[in-house]
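Numbers restart at 1 for each chain; the letters A, B, ... are given by sequence-line order, proteins then strands. This is a predicted model, so every value here is computed, not measured.
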Amino acid sequence: MDVSLVEHLLLNIEETVSIVLFGIGFTILLLHRNLIKKIMGMNIMDTATYLFLASKGYITGRAVPIVVDGIQDVSAYINPVPSGLVLTGIVVSVSTTALMLALTIRLYERYHSLDLDEILILAKEEEQI
Amino acid sequence: MSRKKDNYETSRWKKFKSWVDGETDPLDHGMEAHEAIPPREDIYDSAAHEKAVKEELSKIYGEDRRAVLRARGIRYFQRFYKVMSVVLCLGIIMVLLWTVASLPITGNASNPDNNEVAARYIEKGLQETGAVNIVTGMILDYRAFDTFGESCVLFIGSCCVLVLLRLDGDSKNESIRKMIAESDDRHFEPKNDIILQKCACVLVPIIMIFGVYIVLNGHLSPGGGFSGGAVLGSGLILYLNAFGYGKMGKMFTEKLYKRITLCALTFYCLAKSYSFFTGANHLESGIPLGTPGAILSSGLILPLNICVGLVVACTMYAFYTLFRKGGM
Amino acid sequence: MSFVQNFPFFSIILAMFSGIVSSVLSGKKARNLSLAMIVVTTALSAGTLAFCLKTGESYTYMMGHFPAPWGNEIRAGVLEGVTAVLFGVVMFLSVAGGMTHTAEDVEDSKLNLFYIMIDLMLSSLLALVYTNDLFTAYVFVEINTIAGCGLIMIRQKGRSMSAAIRYMIMSQLGSGLFLIGLSLLYDVTGHLLMSPAKESVELLVDSGSYRLPLLVIMAVVSVGLAIKSGLYPFHYWIPDTYGYATPTGSAVLSGLVSKGYIFLLIKIFYRVIGYENLVGAQMINVLYLFGVAGMVMGSVHAIQETDTRRMIAYSSVAQIGYIYMGIGLGTTAGMVAAVFHIFSHSATKALLFISAVGLYEVSGDRKDFVSLRGAAYRNPLAGIGFAIGALSMVGFPMLSGFISKLLFATSAFDSPSKMLPTLFVLAVSTTLNAIYFLRLVITLYSRRREGDKPLPPNPVKKSSRGLKFAIVCFIGLNLVLGMASQPIVQAITDGLAMFE
Amino acid sequence: MRLFECILLFSLIVCAMSVAFTKDLLTSIIIFMSYSLIMCIIWMILQSPDLAITEAAVGAGVTSILFFLTLKKIRAIRKEEGSEQEEG
């Protein structure tokens, strides 16, 4: 593997980690059979993206974008845009999480299982009866 | 040979006809075809040996052959799907990592994203929105449409949870739902736990005051409607856990929840519509921005924060009660 | 600034506001409010369209006091106007057609929640159509997803709930990819609004920097939205989802939701990435391949299906393949054909779902072929509606499907390398379409036989006025799209030119 | 500070992996909660206190409560089923 590539990845450590986390979350969401795990995977995937965004806004040596002592210089504060986007995103992921958990409860009430494959098979059988 | 072919032709035609009439299941048809022309099965399934074993098994256990075939198809499909998914996921990670390696380096002030957009937010944000916290000013003034969409996401999320978990008097399969409601999980835990209650007595006021502080100071310090609302909601949840539904139900009913949500969202919608309308038509909005830094400043941001805070607090509490007992 | 230019904004806010107000209304009032809202919104969209046609150019509308790179914006042009009007009409007819069934399927106390979902669904669709900002698009994609999930699981049957969770999982995968694509794009361009982002992308392409990230952005955004719209290898959630929702839900989901995502994708291709960059990056060929595979495989799956509703759902997979194939041709003519197929398919598929409901009503709510035999005699109007929908799907002249197939075929001649495979696949897919749709139509128009499974007692229900009205209007819409296609194709061409 | 951040980032990956591989759901929920808390500290380091406070209230607070509630509900259903079987 190229040395400069690894070096660059280490310089971009936050992004690298967030991509790895994104991959882990994506894999859990796609492959894990347990619904609660799937939902956790979804959350991990979302937070990983938010970490990616937030690290994009960060500038070394600059402060929180809250105006202090009337200083309004660009060189004093970090980029506020990603923070705003992530704030919006977090709300979205809470809503989807709540919705999916509610669906999980209802499915468990009905089929007494958390395994998605099993639930799908049971649902199919139930209809045929 | 030719006779055989004729037979085959006629049977095919018959099958096709019956299939057009919708009499036969095409899957059955497929299976019958497999029996008629064995080589096709081999294409479908490379492990002929396994097939033989399976057939033995199905004979032994007297299972329906079709079911076995189908189950095997599903299993093969699942295995294939699993392998493909793992490959897909690894591929995505690799490609994205490779991409990251060619992205600009974090923390560098000359990155493309630190452009005139961020510069204007920082340099003029205070004058244009009146908010000391630039992030709040940005999400509630510059990019307010996104934020309005976000509160709609929360609203529709709570509606969906209501659909799924609310137990109604006229629920269709009433007996089952009632049974589940009666076996409420609160039976399994101690009631009126004295330690919890004393702790709650101390903690709930502090949490609530903290939540209110975060909401009201959203334009001055970190936080804002959403985080403050979540803190307020968790305060309500703690109170509920300590003192039970009876006490909570006296002050917080479903009606109140609906009213608060409706009023807050309506105000939000109208206020932002007014601001969008005046902005797009280049009219003066006439909303005073006040002195930056004072609590009553920054125009619409404070009331909007309060609205969002109320909606979020109620929604979080509603999620909790709906998950717990399917109602408020 | 003319007052008409406010109309797109009014229509989005109106739809949202009626959703919010519906939370305290009774089911019936919420339904009336929703229907009235859809009519008003469609009228507003028509006003916008007329304005854009008159002035002959598109315009952007500031959402707030701040201009382009700082504040949110929406954008309206001819193509947006046409799409918004069509979405409004299809939404109105689907809601009106499935009204009585919705009232049966949904508990009374939760009926208003159903109409909240419809309202917010429409508002998010309109926002996706009009948006000029990528992050706004993400937020409204999420609203669309959650509302879609609500429309599926509101029946609260086991099958529909398991379909809903499957739908949610696939959609979340798609949203995750879409969001990471947006983050990468923001990272290399520093913009979220479409017009400034496109300028930066063009600068980057010219200077040759960040070539790999741009390619990955294209891929990730396309795959994310393709998963959400159900392109072929990611289609596994489609049959369950469309098959077990309420009739209105099925019509809306298949006719509008997936089309909203595709429209957004086209918009991103044109307004952010730049179509020529996309063609240059060979990304388009991947979409073409997936589209072609979907066209054939969707039809093959549909042939194997005995449940008619699932069959119609699988046919959606094939039709979405057509759309992606058109996008993948890499020519403007192909794109025009794809956009026309979006319109044609959303009108036709909604017609099929709604008239199928009329047929199930007279067959004791059974959905298999044997029970449906002769159903067209028991409910003539629904039979005619279904037959026309099926013929349109197959590509019968005078109907909308014919025009879109014609457009696909003629546009194939523009790209020499893809001409032969396109024509071949079009022929194969049309044949397969004809096999399963005509088979069903023949079944509908053949008499019941001696040995047939008896229908449940008292199978014949009278269909409601709403359903009849919806079927008649959908047939009309199909004929309009089929016979008066010239101005619509012209409008699409103009609208695509305005995207640049 | 950089080292501290790297340790935190590494522990994020560890948490995410163990969420995937833990058998017990309760444990994985608790791990997920700690994942959110670590994320919140990282955001603090990245100078975004708005995000940190929101993540602390929402990710580690409300989302985890919802997960716990789901698990509790599922166990309640399971228990009820078990007692019915005993009776039967």
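- No side-chain heavy atom of B/T106 sits less than 4.5 Å from a side-chain heavy atom of A/L11.
- Shown here are the salt bridge (Lys or Arg N to Asp or Glu O under 4.0 Å) partners of B/E150, two or more places apart in sequence or in another chain: there are none.
- Top candidate by heavy-atom pairs under 4.5 Å with chain B, chosen from A/V92, A/I59, A/L99, A/T27, is A/I59.
- Contact of B/S221 with chain A is made through the backbone alone, with heavy-atom distances under 4.5 Å.
- Taking the side chain as every heavy atom from C-beta outward, B/I93 and A/F26 never approach each other to under 4.5 Å.
- Neither the backbone nor the side chain of A/L10 comes within contact range of chain B; no heavy atoms are under 4.5 Å apart.
- In this structure, A/I19 and B/T99 have side chains that are not in contact, with every pair of non-hydrogen atoms separated by 4.5 Å or more.
- In terms of heavy-atom proximity, A/P80 sits nearest to B/A118 at CD-CB, 4.1 Å.
- Note that the OG atom of B/S85 and the CG atom of A/L29 stand 11.0 Å from one another [nearest 0.5 Å].
- Between chain A and the residues B/K124, B/M138, B/M316, the largest count of heavy-atom pairs under 4.5 Å involves B/M138.
- The closest donor-acceptor contact from the side chain of A/H8 to the backbone of B/L103 lies under 3.5 Å.
- Rounded to the nearest 0.5 angstrom, A/T60 OG1 and B/I105 CD1 are separated by 10.0 Å.
- Applying the side-chain hydrogen bond (donor to acceptor under 3.5 Å, both in side chains) rule to pairs touching residues 35-46 of chain A yields A/N43-A/T97, sequence neighbours excluded.
- Side-chain contact between A/F52 and B/V100: present, with at least one pair of heavy atoms (C-beta onward) separated by less than 4.5 Å.
- Within the 4.5 Å cutoff, no side-chain heavy atoms of B/L164 are placed close to those of A/I105.
- Between B/V135 and A/P65, the closest heavy-atom pair is CG2-CG, 3.7 Å.
- Residues B/V153 and A/V91 are not in side-chain contact: their nearest non-hydrogen atoms beyond the backbone lie 4.5 Å or more apart.
- The interface of residues 140-149 of chain B with chain A, defined by heavy-atom distances below 4.5 Å, comprises B/R143, B/D146.
- Checking A/V67, A/N79, A/I66 one by one against B/I134, the side chain to side chain contact (heavy atoms under 4.5 Å, CB included) holds for a single residue, A/V67.
- Residue with the most contacts toward chain B among A/G57, A/G23, A/A98: A/A98 (heavy-atom pairs, distance under 4.5 Å).
- Here the side chains of B/D113 and A/V81 are not in contact, with every heavy-atom distance at 4.5 Å or above.
- With a threshold of 4.5 angstrom between heavy atoms, B/L126 approaches chain A through its backbone and through its side chain.
- Contact annotation for B/I139: only side-chain heavy atoms (C-beta onward) come within less than 4.5 Å of a heavy atom of chain A.
- By the 4.5 Å heavy-atom criterion applied to side chains, A/L87 and B/F226 are not counted as neighbours.
- If you measure heavy-atom distances from B/V86 to chain A, the contacts under 4.5 Å come from both the backbone and the side chain.
- A/F22 touches chain B through its side chain: at least one heavy atom from C-beta onward sits under 4.5 Å away, while N, CA, C and O do not.
- Scanning for side chain to side chain contact (heavy atoms under 4.5 Å, CB included) contacts around A/D117 gives A/R33, A/D115, B/Q78, with sequence neighbours left out.
- Note that CG of B/N114 and NZ of A/K56 are 10.0 Å apart. Values are rounded to the nearest 0.5 Å.
- Contact between A/A102 and B/L165 at its shortest, heavy atoms only, is CB-CD1, 3.7 Å.
- Only the backbone of A/I78 comes within less than 4.5 Å of a heavy atom of chain B; no side-chain atom from C-beta onward does.
- Separating the CG atom in A/L30 from the SG atom in B/C89 is a distance of 5.0 Å, to the nearest 0.5 Å.
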